[in-house]
Number of protein chains: 2
Amino acid sequence: MAAPKLLLVEDDPALAELLEYRFQSEGYNVRTTADGDEALMLADEDVPDLVILDWMIEGTSGIEVCRRLRRDKATAHVPIIMLTAREAEDDRVRGLETGADDYLTKPFSPRELLARVSAVLRRVRPALAGEMLEVGDLKLDPVAHRVERRGQQLAVGPTEYRLLKFFMESPGRVFSRGQLLDGVWGTGSEIEERTVDVHIRRLRKAITVGNSPDPIRTVRSAGYALEAL
Amino acid sequence: MAAPKLLLVEDDPALAELLEYRFQSEGYNVRTTADGDEALMLADEDVPDLVILDWMIEGTSGIEVCRRLRRDKATAHVPIIMLTAREAEDDRVRGLETGADDYLTKPFSPRELLARVSAVLRRVRPALAGEMLEVGDLKLDPVAHRVERRGQQLAVGPTEYRLLKFFMESPGRVFSRGQLLDGVWGTGSEIEERTVDVHIRRLRKAITVGNSPDPIRTVRSAGYALEAL
DNA sequence: CAAAGATGTTACAGGATTACGACAAACTTG
DNA sequence: CAAGTTTGTCGTAATCCTGTAACATCTTTG
């Protein structure tokens, strides 16, 4: 299972280093920055699985970073945990309303932050926590790397597997070919968008058992979506 | 939009009543109980969209309720917010590890709980948190790219979809053909204004289900508007 | 009521988008 | 290294969508 990618935005060097070390030893893939604008750049060039964001940072403020992450379609659904030194309830409420998923008030223990990160990831990206994904009659086991439908094992190629997993993490949601290339092939892949069609076709073929219905919906001029039939 | 269904498990009568009142006035559908076993029964007979669970309750303990909710397939993915009077970090971590999605430490303000509930719902059930456009009996889900009326899926072409979405973002407002061309086709499109008529016609046809009334009003010599019938 | 103006309706051809099959290169695996 | 898989790209077929024109119908106005 791929290590969850975290983006840590924290301008206290001591705390940043401590957290980076702790998360890495827990198997996370961490990038760190102290600057709001740089954080947005990093998030844009390689979309992380979760952002830990200090409220009070240099450059663009935490809440502004949060807002911009939400505005950009690529990062709109990335969960955000805010760190705040303030006790004021207003700030916490404002953070949540801006789109943060959670917050912690300093001081906090690394252990508590770890628990939160893991809880949020489990909720938002079950596959990263090793949980079984189920959509309709499709089951995907991220640990065993197996896919089955109606109790039947399916032979799914590597790319089709990643594609299916990506879809199953957001059932019903429509993804453009560009979004699929970013999410499945990795940001900045130099691949023709038409190629996505071919892999969709291969995936469709692979998950067909008997005369089962096609759970992948083509949305003309928009992209594809996996339906929970 | 259907009111989100909350299940409140709280054994302090005063607090329970206060919260119940606040949530109801915010448009939530709330059921309350003070007992852990009863909570499980209620959750089982009508699965709620979110559970607010006091750690210290009579009967089955909060953490046990949490565990059992997670174990039952029907309720395994219902988000849980725990309320705890304890300050101990251990308890909070334990709560998160047991499968709670979030917790609040007493005392907290109803406003903060409301913000949390809304944040969690927005994550888990976007449709319940208002990321969906609704006008009259029309529903448009921009994420899933779906349109339905009276619970029935509608087949809407790409341009009609954009047109409808544009209308639904400003219900009741009249748009001239020129404004529609700018807003839906993009500024500077070299298209005959009469073409709009044709797409209005196609949209009307597409959103007709049975003998439903036509929600698109023609304003002679001015344009069209979508009415919230 | 007749004429002018505006909107509704239909048909159609060209255009745009997607599905499919095949293939060569790159990559895995034994 | 050889056999087999996987992958990205093309060309073409199939499908769907779109804009326009032509005509019908309705509304306003004189």
Side-chain angles (χ1 to χ4, degrees), chain A residues 145-147 153-167 174-208 211-227, chain B residues 145-147 153-167 174-208 211-227:
Chain A
H145 239 256
R146 282 172 175 282
V147 182
Q153 287 293 334
L154 302 178
V156 181
T159 305
E160 282 71 58
Y161 175 83
R162 274 180 289 136
L163 184 56
L164 179 60
K165 188 168 116 186
F166 186 77
F167 272 126
V174 173
F175 294 98
S176 70
R177 293 180 176 73
Q179 289 175 314
L180 291 172
L181 284 177
D182 281 353
V184 176
W185 277 260
T187 315
S189 62
E190 307 263 330
I191 292 183
E192 289 292 319
E193 292 209 335
R194 293 268 116 238
T195 300
V196 174
D197 297 26
V198 180
H199 283 278
I200 289 286
R201 185 173 97 70
R202 287 168 180 158
L203 178 55
R204 276 178 168 146
K205 202 172 191 175
I207 63 178
T208 296
N211 57 353
S212 54
D214 177 10
I216 298 178
R217 180 167 60 110
T218 302
V219 183
R220 201 159 227 270
S221 78
Y224 298 93
L226 178 68
E227 298 299 307
Chain B
H145 251 258
R146 281 181 171 287
V147 183
Q153 291 292 334
L154 303 178
V156 182
T159 306
E160 283 72 59
Y161 176 83
R162 275 180 287 137
L163 185 56
L164 178 60
K165 191 169 140 194
F166 185 76
F167 272 126
V174 177
F175 294 98
S176 70
R177 292 178 176 72
Q179 289 174 313
L180 291 172
L181 284 177
D182 281 353
V184 176
W185 276 260
T187 317
S189 60
E190 309 260 329
I191 292 182
E192 290 292 319
E193 293 210 335
R194 286 306 313 278
T195 300
V196 173
D197 297 25
V198 179
H199 282 280
I200 290 286
R201 145 101 175 129
R202 285 170 180 156
L203 178 55
R204 277 177 167 146
K205 200 171 190 177
I207 64 178
T208 297
N211 58 353
S212 55
D214 177 11
I216 299 178
R217 181 166 57 104
T218 302
V219 184
R220 200 182 167 80
S221 75
Y224 299 93
L226 178 68
E227 298 299 311

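Proteins come first, then strands; the chains are lettered A, B, ... in the order of their sequence lines, and each starts at number 1. For clarity, every value in this text was computed on a predicted model and none was experimentally measured.
In this entry the distance linking CZ of B:R217 with C1' of C:dT7 reads 15 Å, nearest Å. Separating the CG atom of B:D214 from the P atom of C:dG8 is a distance of 9 Å, rounded to the nearest angstrom. Atom pair A:E160:CD and D:dG8:C1' shows a separation of 12 Å (rounding to whole Å applied). B:L181 places its CG atom 14 Å from the C1' atom of D:dT20, with the value rounded to the nearest Å. As rounded to whole Å, 13 Å separates atom P of D:dG8 from atom CG of A:D197. In this structure, A:I191 places its CD1 atom 15 Å from C1' of D:dC10, rounding to the nearest Å. Atom CZ in B:R204 sits about 7 Å away from atom P in C:dT9, given to the nearest Å. Rounded to whole Å, the distance from CD1 on B:I200 to P on D:dT18 is 14 Å.
To the nearest 0.5 Å, the span separating OG1 on B:T208 from CG on B:L154 amounts to 9.0 Å. A:L163 CG to A:I216 CD1: the interatomic distance, rounded to the nearest 0.5 Å, is 6.5 Å. Between the CZ atom in A:R202 and the OG1 atom in A:T159 there is a gap of 8.5 Å [rounded to 0.5 Å].
In this model, the phosphate group of D:dG19 is approached by a side-chain N or O of B:W185 to a distance below 4.0 Å at OP1 or OP2. B:T218 has no side-chain polar atom (N or O) that falls below the 4.0 Å cut-off from OP1 or OP2 of C:dT7. Remark: B:S221 is not in phosphate contact with C:dA6, judged by side-chain N or O atoms under 4.0 Å from OP1 or OP2. Using a 4.0 Å cut-off, no side-chain N or O of A:R220 falls inside it from OP1 or OP2 of D:dC17. The shortest distance between the side-chain N/O atoms of A:R201 and the OP1/OP2 oxygens of C:dG21 is below 4.0 Å. Taking only side-chain nitrogens and oxygens, A:Y224 comes nearer than 4.0 Å to OP1 or OP2 of C:dA19. Between A:R177 and the phosphate of C:dT18, there is a side-chain N or O to OP1/OP2 separation shorter than 4.0 Å. Contact between the side-chain N/O atoms of B:R202 and the OP1/OP2 oxygens of D:dC17 is not found at any separation under 4.0 Å.
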Checklist line | Steps toward side chain to side chain contact (heavy atoms under 4.5 Å, CB included) verdict (A:R204, A:T218) | finding: CA-CA 11 Å; A:R204 276 178 168 146; A:T218 302; 2.7 Å; yes
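Of the candidates C:dT18, D:dT20, C:dG8, D:dT20 carries the atom nearest the B:E192 side chain, counting heavy atoms from C-beta on. Between C:dT7, D:dT9, D:dG19, one nucleotide has an atom nearer to the side chain of B:T195 than all others, and that is D:dG19. With distances taken from any side-chain atom of A:P158 to the nucleotides D:dG19, D:dG8, D:dT7, the minimum falls on D:dT7.
Classified by interplanar angle (parallel below 30°, tilted 30° to 60°, perpendicular above 60°), the ring pair A:W185/A:H199 is perpendicular.
Judged purely by atom type and a 3.5 angstrom limit, B:R162 uses its side chain to pair as donor or acceptor with the backbone of B:V184.
A donor-acceptor contact under 3.5 Å links the side chain of B:R194 to the base of C:dG8.
Heavy atoms of A:E193 sit nowhere under 4.0 angstrom from any nucleic acid atom.
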